[in-house]
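Lettering follows sequence order; numbering is per chain, from 1.
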Amino acid sequence: MNNDKLIIGGHEFNSRFILGSGKYSMKLIEAAVKDAGAEIITLAVRRANTKEQENILDYIPEGITLLPNTSGARNAEEAVRIARLARELGCGNFVKIEIMRDSKYLLPDNQETIKATEILANEGFVVMPYMYPDLNVARDLVNAGAASVMPLASPIGSNKGLATKEFIQILIDEIDVPIIVDAGIGRPSQACEAMEMGAAAIMANTALATAGDLPMMASAFKNAIEAGRKAYLSGLGRVLTRGASASDPLTGFLRD
Amino acid sequence: MENQFFVDSEHLSADALNKKHRLENEPSFRTNHMEYMNGMEIIESDVCSKVIEHMKSYDYNKYTATDVKAALEHEVCTIEDFKALLSPSAKPFLEQMAQKARLETSKHFGNTVYLFTPLYIANYCENYCVYCGFNCYNHIKRMKLSMEQIEKEMEVIADSGMEEILILTGESRTKSDVKYIGEACKLARKYFRMVGLEIYPVNTDEYKYLHECGADYITVFQETYDSDKYETLHLFGYKRVWPYRFDAQERALMGGMRGVAFSALLGLSDFRKDALASALHVYYLQRKYPHAEMSLSCPRLRPIINNDKINPLDVGESELCQVLCAYRIFLPYVGITVSSRESAEFRNGIVKIAATKVSAGVSTGIGDHDSKYNGAETDEVQGDEQFEIDDNRSLNKMYEDMADEGLQPVLNDYLYLLGEYNETV
C-alpha cells in the first residue's frame, strides 16, 4: 500500500482525496487537509482573483498542490484564458478544465473541453478535464494530452452518487490515465464504491461542505477512500462488481 | 387599503400640474402602454406569451394543503408545484418550505453569501411612475455625477473592500445617455471585479456596447407583470412601454451579457401572480439561454421622499419569506438578492434559508459615499434618494455579521471575460 501512489502528469501523491472548489470556507480547507488528508485542493480562479480580505490563496497550506479550475468558462477560448490567468497568479501548472454552457445543472461541454485540453496541454499545463463520461470523448481527451480524466458521477452538488456508474467503469477499464470521479459524490460509501471500481481518486466538495461536523465527515471520506482502494487492490472490487469467480475451476471435468 | 400615490408639489407650474392630473385621472390621455415607441427594438420571442398565459390562468385559491404537501415531497418542483407553494394554502407550511429551501440553497451555494453595493450616479428621470422617489413630478434634488465625481465615489467604495458594484441611474436617456453610462462602466472596471447595471432598458447593440465597456450583469425590474395594473402606475415616459421592458433581459443576453436579474416590486399588484411571473420569466429564459446566469430580487414597496405612507400592503415578512422559499425550491440554481429595503433581522434570517446575495454600505442617494462612509463634511450638492432603506450596515459590519451567522462572505466570484460569447442555443 505504501508504494501505491497516485501519479498525475509525473507528480506523485499519497492521498486519493481531492477537495473540489464549489463551496469553500476556511474551515472546509482545514478539515480537508487535516482530516481527509487532501494533497490537492481545487481553486476557482474566478474567486482567487480577488483583492484582499478573503484571498483563498492565503489559506492554502504549504505543500498542497493547487488545482486551479476554469469555472465560469463557457467555451474553450475562455477556459484557455482563465488557465493562463491562473498561471500568472502563481497557481502552478495544474489546471482542471471546467466548461459549462448550462447554468442549471452545470453539466460540462465535452466538445469544448477537448479543444481546451489540446491547447493547454501544448502549453505545458498538466490538464485534468472534467467531463461527462463518454468513452470516445475520454479517448480524445487523452490523445489531446490530458493527464487524467474526470468524469462526473452525477450532477454537481446533487449528492446523488454514482448515477453514471456503468460508464465510469468503462472509462476505468479502457483509459490509461487516472480516472478521477468528480461531482455528485454525496456519501463516503459512494466514494468507497467508486474506489472499489478502480477509480484513481475522488473529488468532492458539497458532501463535506454541507456536513454537520466537517472534520468528522472529512475523516469518514478518508477512511472510505482508503477502504475502497484496498478492496480494489485486493481484487475484491472485481468480485463485488463483476460476480464471484469460483475457487474450483468450472472446466475441471474436462478429460483431455 | 390602497396606497395613495398621488402627491402634488407646490413647485410645479400650473401647466405641469394640469398635465399631471390629466395623466392621473384620464386614461385616454395616456399613451398605449403596449405599443413600442420610436427607436425601441422589437425581438422575436415567445417567452412573454408563455409567462403571461400561466399568470392569467393562475387561480391560487384552488390549491389545497394536499397540493402543498405533494409539492414539498417531490424531488423536482414542477410549475404546478411552484404554484401550490405560492398559494395561501402553503402558509402553514412555511417552516417546512424553509427547511427544503435551505437544503437546496446549500446544495447549490454551500454556505456562501455574496456582498455587493449599489452606486447611484444620476437621479434624473423622464417617467412618471407614481410610487418612485425619482419620478419626474416629485420635487427632489436632482443630480448627475461627473466622471471625476464618479471616480471619487468608486475610490471610496473600493477602499471599503467592496469588489462588486451595481451602477444605477434614474431612467433618463437624455440626461444619462448610454455613452455616459458606458464611461462609468469603464471607470468601474478599474476599481471592481464585477460591474452590474440597473438602468433603463436599451436595445441589443447598446447592451453589447455596455458589455464592451465592462458591464456584465443587467438588472431590470418589471415592477408588475400585470400589464393593466402597470398602465395605472407608469403614467408617462419610455418606461410606460411594458413589452419593451419585458424583453430587456433577453436583449441583454443577446448583447453578450453574462447574467441578468429579474424582479417584480411586491406590493404594487397581486404579489402571488407577480412572483409566479417573475420566476417563470427566469425559467423560460433559462431554457432558451442555458449558459446565462440568472438571479431574482424581491423588493417590496418602500416610503419615498414626499410620500412616507407608501407601504407593501399585504406583503408582510411572512409572505415575502414564502415567496423566497418558493423561488428557491422551484429554481434552486438562481441567485437570490435581498436588498437593504429589508431589515437587518430579516436579512440575517433569510440568508440562511434562500438568499445568496446582500447589499452592504448602501446609499440610494447621489454623490454621498464620502460623507456616509467616512463622515467627510462636504459643501458639494448631493442628490436625493430613490427610497428609504432599512438596513444601513457597512461592508465591514455586514461581513462580520454574516460570518457570525456561520456563513462565508464572498466579495468576488467573477472573471470579466469580454468575449465573442454571444451564442444563443
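- Counting all heavy atoms, side chain and backbone alike, B:Ala292 lies closest to A:Ser103 at O-OG, 2.6 Å.
- Heavy-atom distances place no part of B:Glu164 under 4.5 Å from chain A, backbone and side chain included.
- You'll find the side chain of A:Lys160 reaches within 4.5 Å of the side chain of B:Glu75, heavy atoms only.
- Residue A:Ile99 holds its CD1 atom at 14.5 Å from NE2 of B:His291, rounded to the nearest 0.5 Å.
- Annotation: A:Phe13, atom CZ; neighbour count of heavy atoms from other residues, nucleotides and ligands within 6.0 Å is above 12.
- Rounded to the nearest 0.5 Å, atoms CZ (B:Arg258) and CZ (A:Arg74) are 4.0 Å apart.
- Considering OH of B:Tyr289 and CZ of A:Arg101, their distance stands at 14.5 Å, rounded to 0.5 Å.
- Heavy-atom neighbours of A:Arg187 CZ from other residues, nucleotides or ligands within 6.0 Å: at or below the threshold of 12.
- Under a cut-off of 6.0 angstrom, the local environment of NZ in B:Lys186 is crowded, with over 12 non-hydrogen atoms contributed by other residues, nucleotides or ligands.
- The number of heavy-atom neighbours closer than 6.0 Å to CZ of A:Arg87, taken from other residues, nucleotides and ligands shown, is above 12.
- Crowding of B:Lys152 atom NZ: a count of heavy atoms from other residues, nucleotides or ligands under 6.0 Å not exceeding 12.
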Test side chain to side chain contact (heavy atoms under 4.5 Å, CB included) applied to B:Lys107 and A:Ile156, step by step: CA-CA 9 Å; B:Lys107 280 195 323 203; A:Ile156 197 162; over 6 Å; no
